[in-house]
Amino acid sequence: MSAYKSEFLNVLASRGFIHQVSEPEALDALAHSSRITGYIGFDCTAPSLHVGSLLPIMMLYWMQQTGHRPVALMGGGTTRVGDPSGKDESRKLLTDDMIAENLKGIRAVFAKFLKFEEAGGNAIMANNADWLNALNYIDFLRDIGRYFSINRMLAFDSVKLRLDRQQELSFLEFNYMILQAYDFVELYRRYGCVLQMGGSDQWGNIVSGIDLGRRLHNAQFFALTSPLITTSSGAKMGKTAAGAVWLNADLVSPYEYWQYWRNTEDADVGRFLKLFTVLPLDEVERLAALKGAEINEAKKVLATEATALVHGRHAAHEAAATARTTFEEGGLSASLPTVELPRTEFKAGIGVLAAFVKAGLAASNGEVRRAIANNAIMVNDVRITSDKTVIGEADFTAGGVIKLSLGRKRHVLLKPVN
């Protein structure tokens, strides 16, 4: 379908969010004629969501912006089971206390994208622990389990891929799609929710929910999935050499977050501006058309706009100013990521290999050696050519810190503490 009648599907399609839609004409007609309620589930496996979760968050954002009601479903219950989709092995089981702690960190992100009822909006934050944790197993098997065919479940990619690779799939995980389907029905009962959105790997799970809704309530549910986002070079979104790009500022600073987007590959700039900023599409087209060195200006806009959504406009401009000071003016900015080490270590002297590993700029001494061989290591903007170099008190700048640089784009300040 080239054009939708509803603003909701038109926006999602034009910005690149749609991979598959079940019964697109019917969903489009419903979204055009009335306000619909749709949800996306987020499991609580870590204390923060990461960049990989931004796509579904943006889908909920646009849902609300186009006049509909988004539900952010926290998986307080399903996190106890673990989603096998796209995984080669079972997730580590988390305790209830760990899940509750993770939930706290995750909730804060959504308030930046969605306007909830307490803030005068219509977005809902639900937690499936509210209904899953209290289920009676025998009743659940009898009332819900009888609608699920083992033959069909074995054919779903999330199960089939694991079995084809001869990776173990526990009975606990095998239940996940039944619980997810039940979530859909429960949200329909509570809020009139008729749409579930998610990544393309969730299609089978969502379709199970559509089928369960039809069997239990003779209701029409819909599925909408987004494409799996990888970079032009094939890397998974949100993963870097230093680890996941978290959305919480205490795990990844606004400056580091800005830098992540600034380092976007040229071929991805237009696509990421559509997906991860709220800039008008004509402005996106203008920026995406820039060529040569000018594409760097588009990357800075992407970095600033994406950072403003997560960390606020002030933090985004501060990060951009820090980058300008550090790269374009060759200065030293106090807002660069800082790692504190005992002053005694500087007195004794720290080997350059250990210093870069402690600063989190490299994972091993071997990685630093290779970077030195590639002329990619600098201390206080001076190129290091020997892996025997020692850093000490004599290297403190006027600001009382030592600047470590890996390439042109990654910098950390070492700071002594007593």
Side-chain angles (χ1 to χ4, degrees), residues 1-42 49 51-73 83 85-86 113-114 123 156-158 180 184 187 193-211 213 220-232 234 236-238 264 267-285 288 302 305-306 309:
M1 185 184 286
S2 56
Y4 293 100
K5 294 192 188 77
S6 66
E7 188 190 3
F8 169 54
L9 290 182
N10 249 325
V11 167
L12 288 193
S14 61
R15 298 189 82 99
F17 285 98
I18 297 180
H19 176 67
Q20 258 179 304
V21 188
S22 68
E23 301 182 79
E25 291 88 355
L27 177 60
D28 187 38
L30 190 63
H32 182 61
S33 63
S34 60
R35 186 189 75 171
I36 61 171
T37 299
Y39 92 96
I40 300 178
F42 299 84
L49 296 176
V51 161
S53 303
L54 262 188
L55 194 83
I57 293 173
M58 292 304 295
M59 290 166 82
L60 291 176
Y61 168 85
W62 286 116
M63 184 171 203
Q64 186 168 45
Q65 294 299 310
T66 54
H68 302 283
R69 181 167 66 158
V71 179
L73 178 66
D83 182 2
S85 301
F113 291 86
L114 302 175
F156 282 132
D157 283 348
S158 57
Q180 186 170 329
F184 203 170
L187 289 170
C193 183
V194 295
L195 170 66
Q196 183 183 167
M197 301 185 290
S200 55
D201 60 343
Q202 292 295 313
W203 182 257
N205 289 355
I206 300 175
V207 167
S208 295
I210 290 175
D211 189 50
Q220 186 173 24
F221 289 178
F222 299 95
L224 190 158
T225 61
S226 58
L228 179 67
I229 302 296
T230 55
T231 65
S232 291
K236 197 173 176 183
M237 273 293 291
T264 296
D268 292 326
V269 173
R271 188 166 52 120
F272 288 1
L273 280 165
K274 283 183 184 178
L275 294 170
F276 302 114
T277 79
V278 297
L279 290 174
L281 288 179
D282 55 355
E283 176 65 2
V284 169
E285 297 301 333
L302 168 64
E305 293 301 315
L309 285 174

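All of these numbers come straight from a predicted model, not from anything done at the bench. The first residue of the sequence shown is numbered 1, and numbering continues consecutively from there.
Annotation: ring pair (Phe, Tyr, Trp, His ring centres under 6.0 Å) contacts of Phe8 (sequence neighbours excluded): His68. Glu285 pairs by the side-chain hydrogen bond (donor to acceptor under 3.5 Å, both in side chains) definition with nothing, not counting sequence neighbours. Partners of Thr225 by side-chain hydrogen bond (donor to acceptor under 3.5 Å, both in side chains), not counting sequence neighbours: none found. Applying the ring pair (Phe, Tyr, Trp, His ring centres under 6.0 Å) criterion to Phe42, with sequence neighbours excluded, gives Phe110. Scored by the side chain to side chain contact (heavy atoms under 4.5 Å, CB included) test, Ala123 finds Gln64, Pro70, Leu114, Phe116 as partners (sequence neighbours excluded). The ring pair (Phe, Tyr, Trp, His ring centres under 6.0 Å) check on Phe276 picks up Trp261, Phe272, with sequence neighbours excluded.
One finds the CG atom of Leu30 at 11.5 Å from the NE2 atom of His32 (value rounded to the nearest 0.5 Å). To the nearest 0.5 angstrom, Glu23 atom CD is 4.5 Å from Gln220 atom CD. Of the inter-residue distances, the one linking Ser226 atom OG with Ile40 atom CD1 reads 7.0 Å to the nearest 0.5 angstrom. Considering CG of Leu187 and CG of Leu73, their distance stands at 5.5 Å, rounded to 0.5 Å. For the atom pair OG (Ser53) and CG (Leu55), the distance works out to 9.5 Å, reported to the nearest 0.5 Å. Here the CG atom belonging to Leu12 is positioned 5.0 Å from the CD1 atom belonging to Ile18, to the nearest 0.5 angstrom.
When side chains are defined from C-beta on, Met58 counts as touching Leu309, because their heavy atoms get closer than 4.5 Å. Put simply, the side chain of His19 does not reach to within 4.5 Å of the side chain of Leu228, judged on heavy atoms. Looking at heavy atoms from C-beta onward, Gln196 lies out of side-chain contact with Phe221 at the 4.5 angstrom threshold. Between Trp62 and Val278, the closest side-chain pair of non-hydrogen atoms falls below 4.5 Å. Side-chain contact between Glu283 and Leu273: absent, with no pair of heavy atoms (C-beta onward) separated by less than 4.5 Å. Annotation: side chain of Leu60 is not in contact with side chain of Pro56 (no heavy-atom distance under 4.5 Å).
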message = If you apply the rule side chain to side chain contact (heavy atoms under 4.5 Å, CB included), what do you find for Asn10 with Thr66, and how did you get there?
response = CA-CA 10 Å; Asn10 249 325; Thr66 54; over 6 Å; no

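Under the 3.5 Å distance criterion, the side-chain polar atoms of Arg15 are matched with a main-chain donor or acceptor of Lys274.
When every heavy atom of Leu9 is checked against every heavy atom of Pro24, the shortest pair comes out as CD1-O, 4.3 Å. When all heavy atoms of Tyr4 and Ala13 are compared, the closest pair comes out as CE1-CB, 3.8 Å. When all heavy atoms of Asp268 and Ser232 are compared, the pair lying nearest together is OD1-OG, 2.5 Å. Annotation for Ala306 and Thr277: closest pair N-CG2, 4.3 Å, computed over non-hydrogen atoms. Contact detail for Leu224 and Met59: the closest heavy-atom pair is CD2-CE, 3.5 Å. In terms of heavy-atom proximity, Phe222 sits nearest to Ile206 at O-CG2, 4.4 Å.
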